[in-house]
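Scroll down for the structure; my scribbles are underneath it.
Only heavy atoms go into these numbers, but all of them, side chains included; no hydrogens, no water, no symmetry mates. These numbers come from a predicted model, not from an experiment. Convention: sequence-line order gives letters A, B, ...; per-chain numbering from 1.
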Amino acid sequence: MNAQTSFSSKEIQAASSDQYLNGLLKQCQGQAVALQDSETATWLQQVRDHASSSLAQSSMPTKRDEEWRFTDLSPLMQHDFQADGEASVAPSTVEGLTLPEASTTRLVFVNGVYSHQLSDVTDLPKGVYVGNLSCMSAAHTYRLQNYLAQQEGSEELFTALNTASLTDAAVIWAAPNQIVETPIHLLFLSVPGETPTLSQPRALVVAHTSASLEVIEQYTSLSESENRPNTGELPARQGELPARPYLTNAVTEIWAEENAQVTHTRVQQESQQGFHIGKSAITQSRDSRYTCNAISFGARLSRHNLDVFCHGSQSDTNLNGLTVIRGEQLSDTHSAIAYTTPHCTSDQLHKCIIDDRAHAVFNGKVFVPKAAQLTNAAQLNRNLLLSPKAHVNTKPQLQITADNVQCSHGATVSQLEADELFYLRSRGLNESDARNLLIDAFAAEMLQRIPTPSLRKTLSASLREGRGQKAEGRG
Amino acid sequence: MIRENSNVILSVRNLTAEVEGTPILNGVNLEVKAGEIHAIMGRNGSGKSTLSKVLAGHPDYKVTEGEIIFQGENILEMEPDERSLKGMFLAFQYPLEIPGVSTLDFLRVAYNSQRKQQGLEEMDAFDFEDLVEEKLELVKMDPSFLERSLNEGFSGGEKKRNEILQMALLEPALGILDETDSGLDIDALKIVANGVNQLAKPDNATVMITHYQRILNYVEPDYVHVMRDGRIVTSGGKELAQELEERGYEWIEEEAVSEVSAQ
Ligand SMILES: Nc1ncnc2c1ncn2[C@@H]1O[C@H](COP(=O)(O)OP(=O)(O)OP(=O)(O)O)[C@@H](O)[C@H]1O
Ligand SMILES: [Mg+2]
C-alpha cells in the first residue's frame, strides 16, 4: 500500500510532454508492486519512479531519429493501447504451444500477467529458481537489486516504459556451478481484447559463476476464436476473425556471470495485427558464453533491440537471427555488441527472408575500443528477397579503435537463383516445390541452431504453413 | 545400338535459339532413337551446352525457330519439370551446389515427384533409403554423401557421379550428359562409363556431350556428331571420333566452310 501511495505522488512529475507517450505512461501507473519483501518493494518502486521521470524528457521516436530511420511507428501510434488486458485462457488452448522438453519448467504470462494455472514448475532441476517475481521468497528478493533493471541502456525509451510498469517478472536464477539440462520455457501469450491491449512482459535471467542454462522466450498470440472455451470444435486458426491490434513491449535482462553459459532462443510470433517492441540486454562477465537464436516471424511491426555488453576477457558471443516476413510486415533488428576488455570473440549471422511488400531492417553495431585488443568479431547479414516489392535496409556499424583485432562484416541481398531453380526443376520438382526447397534451405541453417528439437520442428512447420496460406491467398 | 524399327525418342528440327538477342544455336538437326547412344563433340563455345539446356527448357534461352519433338510431342512450351517428368534428364556440366538441401531429401523429392506423375504413391523415407543405397553401388558413392548438402564441397568427380546417381534413380527415356566425363581421373571415368553402360537399355537413349575421345573407349557410341557455331556440321559413326582424335577439328572446319561457301 505504501508503494502505491509513493507512486501516486510522482505521477504528476512523470508526465511526458509527448501526448502519445504520456498516454502509454499513464497505462503503466495502474498497478502497485507486490513483493514478499517490503524493503525490496520500496526499492523497486523507486526504480519504477526513476524510469517514469526519465520519460518526462522523452518523446516517441520518429524517422528523424537515427535509431529509427527506417522504422515508422505511426501505424502503432494510431491505436490507444490500454493496459487492462485481463484475459483467462483455458489450459487446453495452450497445449499446442507448450514444449515437451520443458513440460515442468514453463512459465506462462497472459497479456503480461503471470498465469499460475498455465505455468508448470513442478519439477525444477536442482539449483535453479524459475518463477515469477511476486512469488519469490523474501529471503531471495533482496539479491535482485544488483540485477533487475540494472543493465546498461535502461534509459532507452521502450525499456524505460517497461520498467515504469514493472510489477512482476519471470525470474530464472541459476546458482553457481549448476548445469541446468532442461530448457526453461517462458511463454508470453497475447489475447487481444476489444480495446487494443498493451502488455509489458519482463524477464530476468541470472546464470551465476560456471552455471549453464537454456532459456526459450516465446511471444505469440491467441486470436479470440482460439481462446473460446472448449466447445468440442477444433480451435479455429488465426485469421478467421479479423485479428485485433495489440502492443507487446517486452524487456529481458540476462546476466552471464564468470564462466557461465546461457543459450537463449527468442521466438517472436505475434499475430499479423500485433505490434512488438522487444529488448534483450545481456551482460557477460569474463569467460562466459552466450548464444542468441532470435526468430522473428510475426507482428505487423516489430523491433528487436539486442544489446550485449562484454565485461571481461575471453567472453564468447554468438548471435543468430532469422526474420521471415511477408505481406505488409516490417521487422527491425538492432543489435549491438560492446567490448571493454581484450580477447573476446563474437560471431553473428542474421538472415532475412522477405516476401510481398514486407520490409526488413538490420543494424548491427560492434564497438571495439582501445581496451579491447585481440577481439575477434565477425558479422554477416544475408537477405533473400522473394518479391520485387520486398525490401531491406541493412547497415553494419563497426566502430573499431583498437588496432590489433580481427573484425569482419558483410551484407548480401539476393533472390532465388534462377540456375538453382532450373537445376531442381530439371529433376521434376514443380516451381513451388523448388522454391520452397530453396527457401527452407536458407532458413534451415538458422533453425538448425535451435537446441530444442520440438521447437525446431514446429518453427519449420509454421514457416511452411505461412507460405501455404500465402499460396492459397494468391491462387 | 542401332535398330531398324525402334521408336524415335528425340527429333530436333532446325532449332535456333538465342540468349538476350544473341543467336547461339543456328539450326540444329538431330534424331535419336530408342537404344542408341549419340556423342556430340565440338570445340569450346560451339554450343553444346546451350543445346542441352535448350532441350531441358532453361528459361534464359529463347527458341526462335524449329521444334523439339520428344516422345512424339512438341515440348517447346513445356516447363523444365514437365520435360523431366516426361522422361528427359540432363546431367549438368557444372552441377549446382545447394547448401542446406540434403542430398537425400533432394533425391527423395525428385523421385517422388516422378511417382506422383505416374499416379503412384510417394515412397516413404525408409524404403527410399534402401533404393538409394542400391543405386549408390552403381556409382561407388559412400552413403555418407546422402547426409551432406547437395553437391556442397563435393569434388568435381563426386558431383559428376552424383548426376549419374540421379539418372539411375529417375530412369529417363533420354539422358543427356553434358561433359560428365571431363575432369575425371581414370578411375572415376570408368565408374561413370560403367554407370552409363548399365543404364543404357533398348527402350532409352543417351546423348553424351564431350570434348574428349577418351570416354568413347568405354562407352561405344552409335553416332558421333560434331558441332560448330551452333549447328551440327558433321555426323558419322564411332570412327569419326577416332579421326577427330588424330586430326583435330580443323579439317572438319575447313570442309564445313567450303560446304557453306558452296551453297
Ligand atoms: N547465358 C549466356 N549468355 C551469354 N552467352 C552465352 C550464354 N550461354 C552461352 N553463351 C555463349 O554461347 C556460346 C556457346 O556456349 P556453350 O556453353 O553452349 O558452348 P559449349 O560448346 O558447351 O562449350 P564448352 O565446351 O566450353 O562447354 C559461347 O560463345 C557462350 O559464350
Ligand atoms: Mg559446355
- Task: Measure the acute angle between the ring planes of A/Tyr423 and B/Phe92, then classify it against the limits of 30° and 60° as parallel, tilted or perpendicular.
- Result: perpendicular
[X] portion near chain A, given a 4.5 angstrom heavy-atom threshold:
X	result
B/Gln114	neither
B/Leu169	neither
B/Leu170	side chain

- Note on the structure: In short, B/Gly100 meets A/Ala441 closest at the heavy-atom pair C-CB, 3.6 Å
- When every non-hydrogen atom of B/Lys53 is compared with those of A/Phe422, the smallest separation belongs to O-CZ, 4.3 Å
- Message: Could you check whether atom CD of A/Gln415 has more than 12 heavy atoms from other residues, nucleotides or ligands sitting under 6.0 Å from it?
- Response: no
- Query: If you count the non-hydrogen atoms of other residues, nucleotides and ligands that lie under 6.0 Å from CD in B/Gln118, is the total more than 12?
  - Reply: yes
- Segment of A/Glu420 engaging chain B (4.5 angstrom heavy-atom cut-off): both
- Message: Which atoms of A/Gln448 are under 4.5 Å from chain B, going by heavy atoms: the side chain, the backbone, both sets, or neither?
- Response: neither
- Note, A/Leu424 side chain near B/Phe106 side chain (heavy atom, < 4.5 Å): yes
- Is any side-chain heavy atom of B/Asp81 less than 4.5 Å from a side-chain heavy atom of A/Leu429? no
- Message: Salt bridge or not between A/Arg425 and B/Glu82? Use side-chain N to carboxylate O under 4.0 Å.
- Response: no
- Query: Do any N or O atoms from the side chain of A/Arg427 and from the backbone of B/Leu90 form a donor-acceptor pair under 3.5 angstrom?
  - Reply: yes
- Query: Based on non-hydrogen pairs under 4.5 Å, which of A/Leu421, A/Leu437, A/Asp433 is most in contact with chain B?
  - Reply: A/Leu437
- Atom OG in A/Ser426, atom CE in B/Met88: separation rounded to 0.5 Å? 10.5 Å
- Item | Spacing of CD belonging to B/Glu79 relative to CG belonging to A/Asn430, to within rounding of 0.5 Å | 10.0 Å
